[in-house]
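Note on naming: letters A, B, ... go to the chains in the order of the sequence lines (proteins, then strands), and numbering restarts at 1 for each one.
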Amino acid sequence: MSDDIDSIFQRAKRGKALFLDRKALSPEYIPDHLPFREQQISAVAEVLAPALHMSKPSNLLLYGKTGTGKTAVSRYVLSKLMAEEPSLNIFTPYVNARIAGTEYLTLWEIASSLGLTIPKTGLAIAEVIKQIFSVIQSQSLNVILALDEIDYLIHSYGDNILYQFTRAGERTATGFLSIVGISNDLKFKEVLDPRVLSSLGEEELVFPPYTVEELRAILAERAAVAFKQGVVPQSTVNLCAALAGSEHGDARRAVDLLRIAGEVAEREGFQRVDDACIRKASEKVEYDRVEEALRSLPLQNKIILLTISKFQQGTNTGEVYTGYATLAKRIGAEILTQRRVSGILAELDLLGLVEAAVVSKGRRGRTKRIRLLIPTDTLEKIISEDPSITAAA
DNA sequence: CCTCCACTGGAAACCTAGGCTC
DNA sequence: GAGCCTAGGTTTCCAGTGGAGG
């Protein structure tokens, strides 16, 4: 804070010299070629190619852990496809179900991308689906829908939408809707209706994690585009690849890491992005992830998390509930039932903010063993920014 | 081997906010 | 504006259960 404004600007001016094209490291950036995914690219292209003859491609399922290139490959192929024959009415909306939030909002995004104007709430799901099909039909749209985090959708809302969509072929005389489903979870198929599964999984493709070697090559390539020459030494790339590689070969994380490290170096006025920058970036990436997750949490979930943070040694559902009830009362918030709190604990577990494993303690009953997975001080700092909590504290 | 605790988690009913129709 | 619709969050109800202590 005490930094003299001139020196800040001086550093920024010097630092700016590090980046050539920072966009090459942004999450939306799709490179001209995706190394180590040639096989998947041609497989996806093969499946989708019939769209160029106005016939409906098979539905397609892509599996793989986060950062294995599923999204990049599908976006890459779809953009090529659109570029190939712009005269055809090919639409390739991309929707992430988890980011959209609910079943309805996922549909809302799909509908919007097809040019429909739909209220964000109030309509029946069946009504939105009807409108989507009717616009496909009336304007002869050829739609290939990339539906990301499809496993989230199924888990939380069932396969109703997919059931409707996979029957699209039977419902439209002109135009079509094909689905490219993208999933992080290989097991989600188990809960699918067999009819949906056989239709959606007409074609399947698995994305293996990148090896550390591959990550290194990818990073080197991106770094060459993003940074000036000599700014990122080989050892930095190696460390970055190693860090991301230990997290199941997540390329997105590796690229994020490099970008943030570059920003750190820039801010500090360094001439090079060194190992220390990468380590700092690694902390920041983790902090940002937690921060974002915490901020977007509903009030009740925050109160529950705050309660859990009081038990550093770990705790259980009953204990959390009594603590939560007291805290909620003091804050003046509504007090939820234990059933609901139990459900929220499961949600927080899914988000990776707490660990909530069901354990049996014999005669002393069953409960969830609950442990906070994020640093207490981070949690308290971010949650105390919520006005309805601060006011009471 | 049986009991019985402290919950879990499914199912259904209820509530609220918002759109639609007339 | 009244009356009807639905989605999503919550409550109510409750059968089910893993395993330590008996």
When rounded to whole Å, the CG to C1' distance for the pair A:Leu105 and C:dT6 reads 14 Å

When rounded to whole Å, the CD1 to P distance for the pair A:Ile125 and C:dA7 reads 5 Å

With a 4.0 Å limit, can you tell me whether A:Ser360 has a side-chain N or O closer than that to the phosphate oxygens OP1/OP2 of C:dG19? no

Out of A:Ile90, A:Val73, A:Val44, A:Ile144, which one pairs with A:Leu78 under the side chain to side chain contact (heavy atoms under 4.5 Å, CB included) rule? A:Ile144

When you measure from the side chain of A:Arg37 to the backbone of A:Ala72, do you find a donor-acceptor pair of N or O atoms at a distance under 3.5 Å? no

Assign A:Ile335 to base, sugar-phosphate, or nothing according to its heavy-atom contacts below 4.0 angstrom with the strands shown. sugar-phosphate

Is the ring pair A:Phe227/A:Phe19 parallel, tilted or perpendicular, if the boundaries are 30 and 60 degrees? parallel

Reckon A:Glu127 touches a base, only the sugar-phosphate, or nothing at all at heavy-atom distances under 4.0 Å? nothing

Would you classify A:Lys120 as touching base, sugar-phosphate or nothing, given that sugar-phosphate means primed atoms plus P, OP1 and OP2, and contacts are heavy atoms under 4.0 Å? nothing

Are any of A:Arg366's side-chain N or O atoms less than 4.0 Å away from OP1 or OP2 of C:dT17? no

Do any side-chain nitrogens or oxygens of A:Thr337 fall under 4.0 Å of OP1 or OP2 in C:dT10? no

In whole Å, I'd like the distance from the CZ atom of A:Arg340 to the P atom of C:dC13. 18 Å

Exercise: do A:Asn316 and A:Arg369 side chains pair donor with acceptor under 3.5 Å: no

Is there a donor in the side chain of A:Asp185 and an acceptor in the side chain of A:Ser183, or the other way round, less than 3.5 Å apart? no

In terms of heavy-atom contacts, does CD of A:Glu46 have more than 12 from other residues, nucleotides or ligands at under 6.0 Å? no

Whole angstroms only, please: what is the CZ-P distance between A:Arg339 and C:dT10? 12 Å

In whole angstroms, how far is the P atom of C:dG8 from the CD atom of A:Glu103? 6 Å

Heavy atoms of chain A, cut-off under 4.0 Å: which first and last nucleotide of DNA chain B, 5' to 3', fall inside that, if you could look? B:dT3 to B:dC20

Nearest-angstrom distance from the residue atom CD of A:Gln300 to C1' of C:dG8: 15 Å

Please report the shortest heavy-atom distance between A:Lys381 and A:Tyr287, naming the atom on each side. NZ-OH, 3.2 Å

